[in-house]
Amino acid sequence: MENVVVLIVGAGPAGLATAACLSQFSIPYVIVERESCSASLWRNRAYNRLKLHLAKELCELPHMSYPQDAPIYIPKTLFVKYLDDYVERFNIQPKYLTSVESSTFENDDKCWSIVAHEMAKSTIVSFTAKFLVMASGENSAENIPMIPGLQSFPGDVIHSSSYKSGKSYSGMNVLVVGSGNSGMEIAYDLAAHGANTSIVIRSLIHVMTKELIRLGMTLARHLPLKLVDNLLVMAAKLIFGDLSRYGIRRPKMGPMILKSETGRSAVIDVGTVGLIKKGIIKVHGSISKIVGDIVEFQCSKNISFDAIVFATGYKSTANIWLKNGENMFNGNGLPVKEYPNHWKGENGLYCAGLARRGLAGIVADAKNIANDIKSVIGAMYG
């Protein structure tokens, strides 16, 4: 049994940022991580051509800037290097391959009782913690929709987290399901590597350039979001034209308000739209079923594919192992409370990085959590 003041679950950017903020106040903590490294999503489950979609000044963790010579849009390898330097700078020492099985708040002792599995040794380890920080991420479990006949599809079926490059798909017919940033960028990468690429676009999406998003983020500090959205939509129409005839339709709500109210991001175009306009990438609507290698679409088109990539996102697993936290998380493992009050639960329970607000949201959560823990400890011993 290990007694700790703060237990942080997850050593992705959210867990690391929280650890760094706690260390600024000399508050002791233990951080556990089920994978064998920090930031495994970025290190092992991100495609090769990934760059951060927001400018670097919006993607810094607390108390440490990027090197002066870093590019405006940070590539995946440089971001991973930044996280490694961050771990070293703040002397963060995660207990790797440690998977939390359950956590329960003990009313009598007024502390959290956590049971974890140390995978390398196949042993069970127990912690008691005054404060518990859930930083296991929105992206801890792959989400693949149930499509009738998918299990009988003879070709390759992968989730975007396993996709690295389109090199091995050259000359093949590949369907990408999902039209968020990952889906659109993977479709571009496949086409660039010579795959006959199709993409399923069902959702209403805003397509923007990274420069427009950077402009929007800057203007949003000084102007009402509705005005910023009007400007962004006008600019996007000038740049891309009317995309509805290509199967891409915009939501009524503007991109900044949509992100603020629902957490859904605009799609930042990396060249996919140009290939869709040229007919190099084909757009399809919803799938009704799969029969053998034939995908049947609801519009009655039947097309044969060699591989399917599901860029259909992830689920949080926070609600699976957390007992007594039901009033903090919903069935999807995301906070019940609306932003910006989502990060604090009851009995010393907190969550970092679950507000669907990217790295900027992580920074705010980490600072809020550390400040709150500091003031609770101050009140206890003041």
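Source: prediction; values computed, not measured. Note: hydrogens, waters and symmetry copies are ignored here, and every other heavy atom, side chains too, is used.
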> Please check if the number of heavy atoms outside Lys51 that lie under 6.0 Å from its NZ is greater than 12.
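Incorrect, the count does not exceed 12.
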> For Lys76, does the NZ atom have more than 12 heavy-atom neighbours from other residues, nucleotides or ligands under 6.0 Å away?
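Yes, enclosed.
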> For the pair Thr197 (side chain) and Ala195 (backbone), establish whether a donor and an acceptor sit closer than 3.5 Å, ignoring hydrogens and angles.
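Yes.
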> Please answer: with hydrophobic residues joined when any side-chain heavy atoms are less than 4.5 Å apart, are Ile201 and Phe297 in the same cluster?
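Ile201 does not cluster with Phe297.
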> For the residue pair Leu354 and Pro335, what are the closest heavy atoms and their distance?
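Looking at all heavy atoms of both residues, the shortest contact is O-CD, 3.2 Å.
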> Could you check whether Arg249 pairs with Asp242 (Lys NZ or Arg NE/NH1/NH2 to Asp/Glu carboxylate O, under 4.0 Å)?
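Between Asp242 and Arg249 there is no salt bridge, as every charged N stays at least 4.0 Å from the carboxylate O atoms.
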> So, using side chain to side chain contact (heavy atoms under 4.5 Å, CB included) as the criterion, who are the partners of Ser102 when residues are at least two apart?
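Testing Ser102 for side chain to side chain contact (heavy atoms under 4.5 Å, CB included), a comparison that skips the adjacent residues, returns Val115, Lys323.
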> Can you find a heavy atom in the side chain of Met253 that is under 4.5 Å from one in the side chain of Asp229?
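Side-chain contact under 4.5 Å: no.
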> Is it the case that one hydrophobic cluster holds both Val309 and Tyr188, taking links as side-chain heavy atoms less than 4.5 Å apart, direct or via other members?
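Hydrophobic grouping puts Val309 with Tyr188.
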> How many angstroms lie between CD in Glu185 and CG in Leu190, if you round to the nearest 0.5 Å?
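It is 11.0 Å, given to the nearest 0.5 Å.
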> Between OG1 of Thr77 and CG of Asn48, what distance do you get to the nearest 0.5 Å?
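Reported to 0.5 Å precision, the distance equals 9.5 Å.
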> Find out whether Asp293 and Asp306 are in side-chain contact, i.e. whether some heavy atom of one side chain is under 4.5 Å from a heavy atom of the other.
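Heavy-atom side-chain distance check fails, nothing below 4.5 Å.
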> Tell me if the centroids of the rings in His159 and Phe310 come within less than 6.0 Å of each other.
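His159 vs Phe310: aromatic centres not under 6.0 Å.
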> How close do Ala311 and Val176 get, heavy atom to heavy atom, and via which atoms?
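Heavy atoms only, the tightest pair is CB-CG1, 4.4 Å.
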> Going by heavy atoms in the side chains, are Tyr29 and Val4 under 4.5 Å from each other?
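Tyr29 vs Val4: side chains apart.
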> Minimum heavy-atom separation for Pro13 to Leu61, with atom names?
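That closest heavy-atom pairing would be O-CD1, 4.1 Å.
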> His193: what forms a ring-ring contact (aromatic ring centres under 6.0 Å, His included) with it, not counting sequence neighbours?
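For His193 there are no ring-ring contact (aromatic ring centres under 6.0 Å, His included) partners, ignoring immediate neighbours.
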> For Lys289, does the NZ atom sit with more than 12 other heavy atoms under 6.0 Å from it, leaving out its own atoms?
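No, the 6.0 Å shell around NZ holds no more than 12 heavy atoms from other groups.
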> Minimum heavy-atom separation for Val267 and Ser179, please, with both atom names.
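Closest approach of Val267 to Ser179, heavy atoms only: CG2-O, 3.3 Å.
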> How would you list, by chain and number, every residue that makes a salt bridge (Lys or Arg N to Asp or Glu O under 4.0 Å) with Glu118, sequence neighbours excluded?
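Glu118: salt bridge (Lys or Arg N to Asp or Glu O under 4.0 Å) contacts with Lys121.
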> Please check if the side chain of Asp269 supplies one atom and the backbone of Thr272 the other of a donor-acceptor pair under 3.5 Å.
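Yes: the side chain of Asp269 pairs with the backbone of Thr272.
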> Please report the closest heavy-atom contact between Ile186 and Ser160, naming both atoms and the distance.
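Heavy-atom minimum between the residues: CD1-CB, 3.6 Å.
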> What pairs meet the salt bridge (charged side-chain N to carboxylate O under 4.0 Å, His left out) rule with one or both residues in residues 87-101, with sequence neighbours excluded?
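Output for this query lists Glu2-Lys95.
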> Taking the side chain as everything from C-beta on, heavy atoms only, tell me whether Val283 gets closer than 4.5 Å to Ile199.
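When only atoms from C-beta onward are counted, Ile199 and Val283 do touch, with a gap below 4.5 Å.
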> Taking only residues two or more places apart in sequence, or in another chain, which ones meet Pro224 in a side chain to side chain contact (heavy atoms under 4.5 Å, CB included)?
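Leu227.
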> Measure the spacing between NE2 of His284 and CD1 of Ile287 and express it to the nearest 0.5 Å.
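Answer rounded to 0.5 Å: 9.5 Å.
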> Can you check whether Leu258's main-chain N or O pairs, donor with acceptor, with His206's side chain at less than 3.5 Å?
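Not a single qualifying donor-acceptor pair exists.
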> In Å, rounded to the nearest 0.5 Å, how long is the span from CG of Leu238 to CE of Met234?
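Spacing of CG (Leu238) from CE (Met234) equals 7.0 Å.
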> Would you check if Val87 and Leu16 make a side-chain contact, meaning some heavy-atom pair closer than 4.5 Å?
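A side-chain contact under 4.5 Å exists here.
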> Would the distance check show the side chain of Asn143 and the main-chain N or O of Thr312 forming a donor-acceptor pair, the cut-off being under 3.5 Å?
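Yes, the answer is positive, given that a donor and an acceptor are paired below the 3.5 Å cut-off.
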> Taking atom CD1 of Ile72 as the centre, report whether more than 12 heavy atoms of other residues, nucleotides or ligands fall under 6.0 Å from it.
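Atom CD1 in Ile72 is not packed in, count stays at 12 or less.
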> Please examine the side chains of Asn196 and Val174, heavy atoms only from C-beta on, and report whether any two atoms are closer than 4.5 Å.
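The answer is no; the side chains never approach within 4.5 Å.
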> Do Ile257 and Ile205 land in one hydrophobic cluster if side-chain heavy atoms of ILVMFWY residues count as linked below 4.5 Å?
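Yes; Ile205 is reachable from Ile257 via cluster members.
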> Answer yes if Val5 and Tyr350 sit in the same cluster of Ile, Leu, Val, Met, Phe, Trp and Tyr residues linked by side chain heavy atoms under 4.5 Å apart, and no otherwise.
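Yes.
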> Between Ser260 and Met256, is there a donor-acceptor pair closer than 3.5 Å when you use the side chain of the first and the backbone of the second?
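Not a single qualifying donor-acceptor pair exists.
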> Once salt bridge (Lys or Arg N to Asp or Glu O under 4.0 Å) is applied, do any residues pair with Arg214, and if so which ones, sequence neighbours excluded?
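If we apply the salt bridge (Lys or Arg N to Asp or Glu O under 4.0 Å) test to Arg214, skipping adjacent residues, the hits are Glu57.
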> What's the shortest heavy-atom distance between Arg264 and Ser203, and which atoms?
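Looking at all heavy atoms of both residues, the shortest contact is NH2-CB, 4.5 Å.
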> Are Ser38 and Arg43 linked by a side-chain donor-acceptor pair shorter than 3.5 Å?
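Ser38 vs Arg43: donor-acceptor pair found between side chains.
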> Does the pair Glu33 and Val9 meet the rule for a side-chain contact (heavy atoms from CB on, under 4.5 Å), with working shown?
CA-CA 6 Å; Glu33 166 58 56; Val9 180; over 6 Å; no
> Among side-chain atoms of Tyr163 and Asp189, is any donor-acceptor pair under 3.5 angstrom?
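Yes, side-chain donor-acceptor contact under 3.5 Å.
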> Got a sec, which residues hit side-chain hydrogen bond (donor to acceptor under 3.5 Å, both in side chains) with Asn230, two or more places apart in sequence or on another chain?
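By the side-chain hydrogen bond (donor to acceptor under 3.5 Å, both in side chains) rule, Asn230 matches no residue at all.
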> When rounded to the nearest 0.5 angstrom, what distance separates OG in Ser304 from CD1 in Ile294?
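If we round to the nearest 0.5 Å, Ser304:OG and Ile294:CD1 are 4.5 Å apart.
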> Is the side chain of Lys344 donor-acceptor paired with the backbone N or O of Asn341 at a distance under 3.5 Å, no angle test?
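No: the side chain of Lys344 does not pair with the backbone of Asn341.
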> Are Leu41 and Ile144 joined in one hydrophobic group, where the rule is that I, L, V, M, F, W and Y side chains link up if heavy atoms are under 4.5 Å apart?
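The answer is no; the residues belong to distinct hydrophobic clusters.
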> Side chains of residues 360-370: which donor-acceptor pairs under 3.5 Å do they make with residues two or more places apart or in other chains?
unit_1, atom_1, unit_2, atom_2, d
Asp365, OD1, His342, NE2, 2.8
Asp365, OD2, His342, NE2, 3.4
Asp365, OD2, Gly353, N, 2.9
Asn368, ND2, Ala364, O, 3.2

> Measuring only between side-chain heavy atoms, which start at C-beta, is Val6 closer than 4.5 Å to Val30?
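They are not in side-chain contact.
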> When rounded to the nearest 0.5 angstrom, what is the spacing between OG in Ser103 and CH2 in Trp112?
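Here the interatomic distance stands at 5.5 Å.
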> Going by atom type alone, with no hydrogens or angles, which donor-acceptor pairs under 3.5 Å involve a side-chain atom of residues 122-134 and a protein atom two or more places apart or on another chain?
unit_1, atom_1, unit_2, atom_2, d
Thr128, OG1, Asn3, OD1, 2.3
Lys130, NZ, Lys110, O, 2.9

> Enumerate donor-acceptor pairs with a distance under 3.5 Å from any side-chain N or O in residues 145-156 to protein atoms, sequence neighbours excluded.
unit_1, atom_1, unit_2, atom_2, d
Ser152, OG, Gly149, O, 2.8
Asp156, OD2, Tyr169, OH, 3.3

> Could you work out, with side chain to side chain contact (heavy atoms under 4.5 Å, CB included) as the rule, every residue matching Ala236, not counting sequence neighbours?
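Scan of Ala236 (side chain to side chain contact (heavy atoms under 4.5 Å, CB included), adjacent residues dropped) gives Met208, Leu212, Phe240, Arg250.
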> Would you mind reporting whether Leu359 and Leu54 have side-chain heavy atoms less than 4.5 Å apart?
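When only atoms from C-beta onward are counted, Leu359 and Leu54 do not touch, as no gap falls below 4.5 Å.
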> Among residues two or more places apart or on two chains, list those pairs meeting ring pair (Phe, Tyr, Trp, His ring centres under 6.0 Å) that have a residue in residues 51-93.
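Matches after skipping sequence neighbours: Trp42-Phe79, Tyr66-Tyr82, Tyr86-Phe90.
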> Other residues, nucleotides and ligands only: do more than 12 of their heavy atoms fall within 6.0 Å of NZ on Lys164?
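Yes, because the 6.0 Å sphere around NZ of Lys164 holds more than 12 heavy atoms from other groups.
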> Looking at Ser170 and Lys167, would you say the former's side chain and the latter's main chain have a donor-acceptor pair under 3.5 Å?
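Looks like no, no N/O pair under 3.5 Å.
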